[in-house]
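Right, one structure below, let's go through it.
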Amino acid sequence: MKISGFTIIRNAIQYDFPIVECITSALPIVDEFIVSLGDSTDETEKLIRSINSSKIKIVHSDWDTSTYNVNGMIYAHQTDEVLHMCQGDWCLYLQGDEVLHEEAFPVIRAAYEKYTHDKRVEGFLMKYVHLYGDYNHYIDAMHFAYPKEIRMVRNLPDIHSWGDAQSFRMIPDFDKVNYWQKEGTRKLNCILLDAYVYHYGWVRNPLSMVKKNNEQGELHELDYEGKKDTYFDYGNLTCMPEFKGRHPEVMKDRISRMSWKKYLRFEGEKPDIGKKFRLKYRILNWVEHHLLGGERIGGFKNYNQIGYFSLKSKKK
C-alpha cells in the first residue's frame with residue numbers, strides 16, 4: 001500500500017509561493033510526489049529540483065486557459081490531470097501555498113492503516129490554519145476561510161478535482177468540461193483527521209500578492225480588470241488575532257527571510273475581510289469558536305463527514 005503526494009504550480013517565484021516548503025512537508029509521509037509544472041516564465045523548475053529528492057517527479061503541462069477560462073476551473077483541470085497520474089492507493093493533495101505540519105504524520109499513518117480496508121471511507125479531511133499578512137496573525141473567520149477540507153482521497157477513477165480545485169467529488173464518466181457540475185455527482189464520505197495544513201496564501205510579499213490576485217482574477221472572470229496597485233494592503237493587522245502556535249518546521253528558514261515588514265501597518269482601516277467584521281459574522285464566529293468547539297454553522301461543505309480520528313484521548 002502506497003501514498004502519492006501531488007500538487008500543481010507555475011511561476012512560484014514570481015508569485016512568491018512556498019512551493020519548496022509545500023513539497024518538502026509531504027515527503028516523509030509519501031512514496032512519491034508528483035509536481036505538475038505549468039508553463040512558467042521564471043525558474044520554478046530549478047527551484048523544485050533544488051529539493052533533490054528521488055520521490056519527486058516533475059511533469060510539464062500547458063495550462064489550457066482558452067477552454068478553462070472562468071471560475072478557476074483551470075486549477076481543477078490541472079489538479080485532476082495530475083491526480084490520475086498518481087500510483088498510490090491514497091493521494092495526498094497540497095496546493096502550492098499549503099504546508100503539512102509534521103505533527104500530522106503519525107495521525108495520517110494511523111488513519112491510513114485503520115481505514116484502508118473500510119471502503120465506506122473515500123477521503124480524509126484535514127484542519128486548517130490560515131495565516132494572514134505576516135507569520136504572526138491568522139484568519140479566525142470561518143465563513144471567509146474554510147476550517148477543514150478534503151486533502152487525501154482514495155485513488156479511484158471516478159474521484160475528480162472539483163470547483164476551482166479546493167475540493168474533490170465522485171463524478172462517474174466525467175467529461176472534464178464543467179468542474180463545477182453537481183448533477184450526476186456526489187460528495188465524498190470522509191473522516192476528519194486531527195491533522196493540520198497551514199495555508200500561507202495570504203502571507204506573501206505584497207508586491208507579489210498584487211500579481212497573484214490579478215492572475216487569479218483573470219482565471220475566474222472573463223472581463224476581469226486587473227488592479228493597478230503597486231503592493232497589496234493587508235490592512236490593520238491589530239484587527240486580526242495573534243498566532244501563538246508553532247509553524248511547521250520546514251517553514252523556519254522562510255519565516256526568517258520575511259522581507260516585507262515595511263509594507264505592513266498596525267493602525268488605520270481594517271483588513272478587507274467582510275465576513276469577519278460584519279455584525280452577523282462576528283456573532284456567528286463567537287458562537288462557533290466558544291460554544292461549538294470550532295464547528296461552522298451553515299455554509300457550503302463539499303463533503304460528508306462520517307467520523308473523526310485522533311491519536312489524542314479528547315477531540316480538540
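Sequential numbering from 1 along the given sequence is applied to the chain's residues. All values reported here derive from a predicted model rather than from experimental measurement.
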Among all residues two or more places apart in sequence or in another chain, which pass the side chain to side chain contact (heavy atoms under 4.5 Å, CB included) test with Val210?
Asn214, Asp229, Phe232
How far apart are the closest heavy atoms of [X] and [Y], and which atoms are they?
{"X": "His84", "Y": "Leu156", "value": "CE1-O, 3.7 Å"}
{"X": "Gln14", "Y": "Ser208", "value": "O-OG, 3.4 Å"}
{"X": "Ala12", "Y": "Thr44", "value": "N-OG1, 2.9 Å"}
{"X": "Gly184", "Y": "Pro172", "value": "O-CD, 3.5 Å"}
{"X": "Tyr198", "Y": "Pro248", "value": "CD2-CD, 3.6 Å"}
{"X": "Leu219", "Y": "Thr65", "value": "CD2-CG2, 3.6 Å"}

Under the side chain to side chain donor-acceptor pair (under 3.5 Å) criterion, do Asn69 and Thr67 qualify, and how do the steps go?
CA-CA 6 Å; Asn69 59 358; Thr67 301; over 6 Å; no
Check whether the side chains of [X] and [Y] place a donor and an acceptor atom closer than 3.5 Å, and report yes or no.
{"X": "Asp80", "Y": "His160", "result": "yes"}
{"X": "Ser50", "Y": "Asn52", "result": "no"}
{"X": "Arg265", "Y": "Asn236", "result": "no"}
{"X": "Glu32", "Y": "Ser4", "result": "yes"}
{"X": "Ser167", "Y": "Glu149", "result": "yes"}
{"X": "Tyr138", "Y": "Glu242", "result": "no"}
{"X": "Thr41", "Y": "Asn11", "result": "yes"}

In terms of relative ring orientation, are Tyr15 and Phe17 parallel, tilted or perpendicular, with 30° and 60° separating the classes?
perpendicular
Name the orientation class of the two ring planes belonging to Phe266 and His137 (parallel below 30°, tilted from 30 to 60°, perpendicular beyond 60°).
tilted
Could you tell me whether the side chain of [X] and the main chain of [Y] form a donor-acceptor pair under 3.5 Å?
{"X": "His220", "Y": "Gln216", "value": "yes"}
{"X": "Ser310", "Y": "Lys312", "value": "yes"}
{"X": "Ser25", "Y": "Leu100", "value": "yes"}
{"X": "Asp158", "Y": "Met170", "value": "no"}
{"X": "Asn178", "Y": "Trp180", "value": "yes"}
{"X": "Ser256", "Y": "Asp253", "value": "yes"}
{"X": "Tyr132", "Y": "Tyr234", "value": "yes"}
{"X": "Ser40", "Y": "Gly38", "value": "yes"}
{"X": "Asp89", "Y": "Lys2", "value": "yes"}
{"X": "Trp260", "Y": "Gly133", "value": "yes"}

Could you go through the side chain to side chain donor-acceptor pair (under 3.5 Å) check for Tyr115 and Arg154 one step at a time?
CA-CA 11 Å; Tyr115 294 106; Arg154 286 190 186 273; over 6 Å; no
So, applying side-chain hydrogen bond (donor to acceptor under 3.5 Å, both in side chains) with Asn302, which one of Gln166, Arg169, Lys187 is it?
Arg169
Pairing of Glu249 and Arg246 as salt bridge, 4.0 angstrom limit
yes
Stepwise side chain to side chain contact (heavy atoms under 4.5 Å, CB included) check, Ile48 with Ile9
CA-CA 10 Å; Ile48 294 171; Ile9 193 68; 3.9 Å; yes
Can you find a pair of side-chain heavy atoms, one from [X] and one from [Y], that are under 4.5 Å apart?
{"X": "Glu21", "Y": "Ile255", "answer": "no"}
{"X": "Leu83", "Y": "Val153", "answer": "yes"}
{"X": "Tyr263", "Y": "Asp233", "answer": "no"}

After noting the C-alpha distance and the side-chain angles of Arg109 and Ile29, does the key distance pass the side chain to side chain contact (heavy atoms under 4.5 Å, CB included) rule?
CA-CA 8 Å; Arg109 290 191 183 103; Ile29 200 73; 3.3 Å; yes
Would you say the rings of [Y] and [X] are close, in the sense that their centroids are separated by under 6.0 Å?
{"X": "Phe309", "Y": "Phe124", "result": "no"}
{"X": "Tyr75", "Y": "Trp63", "result": "yes"}
{"X": "Tyr196", "Y": "Tyr128", "result": "no"}
{"X": "His130", "Y": "Tyr200", "result": "no"}
{"X": "Phe243", "Y": "His247", "result": "yes"}

Please test Asp16 against Lys211 for salt bridge (charged side-chain N to carboxylate O under 4.0 Å, His left out), starting from the C-alpha separation and ending with a verdict.
CA-CA 10 Å; Asp16 198 24; Lys211 298 175 184 177; over 6 Å; no
Test Tyr303 against Phe168 for ring-ring contact (aromatic ring centres under 6.0 Å, His included), laying out the working first.
CA-CA 8 Å; Tyr303 49 80; Phe168 299 87; over 10 Å; no
Start with the C-alpha gap between His60 and Glu45, add the side-chain angles, then the distance that decides, and say whether side chain to side chain donor-acceptor pair (under 3.5 Å) holds.
CA-CA 10 Å; His60 293 87; Glu45 182 170 358; 2.9 Å; yes
For [X], look at atom [atom1] and say whether over 12 heavy atoms of other residues, nucleotides or ligands are found less than 6.0 Å away.
{"X": "Lys55", "atom1": "NZ", "result": "yes"}
{"X": "Asp173", "atom1": "CG", "result": "no"}
{"X": "Gln181", "atom1": "CD", "result": "yes"}

If you apply the rule side chain to side chain contact (heavy atoms under 4.5 Å, CB included), what do you find for His199 with Asp97, and how did you get there?
CA-CA 6 Å; His199 177 220; Asp97 53 15; 3.4 Å; yes
Partners of Lys148 by salt bridge (Lys or Arg N to Asp or Glu O under 4.0 Å), sequence neighbours excluded?
Glu295
How would you list, by chain and number, every residue that makes a salt bridge (Lys or Arg N to Asp or Glu O under 4.0 Å) with Asp39, sequence neighbours excluded?
Arg10
Assess the residue pair Tyr93 and Thr79 against the criterion (side chain to side chain donor-acceptor pair (under 3.5 Å)); give the C-alpha distance rounded to whole Å, side-chain angles, the decisive distance to 0.1 Å, and a yes or no.
CA-CA 9 Å; Tyr93 174 54; Thr79 300; 3.3 Å; yes
Reference residue Thr7; test side chain to side chain contact (heavy atoms under 4.5 Å, CB included); the match among Val35, Leu92, Leu37, Ile34:
Val35
Could you give me the CA-CA distance, side-chain angles and deciding distance for Glu98 and Arg151, then say whether side chain to side chain contact (heavy atoms under 4.5 Å, CB included) is met?
CA-CA 11 Å; Glu98 297 178 345; Arg151 279 300 174 263; 3.0 Å; yes
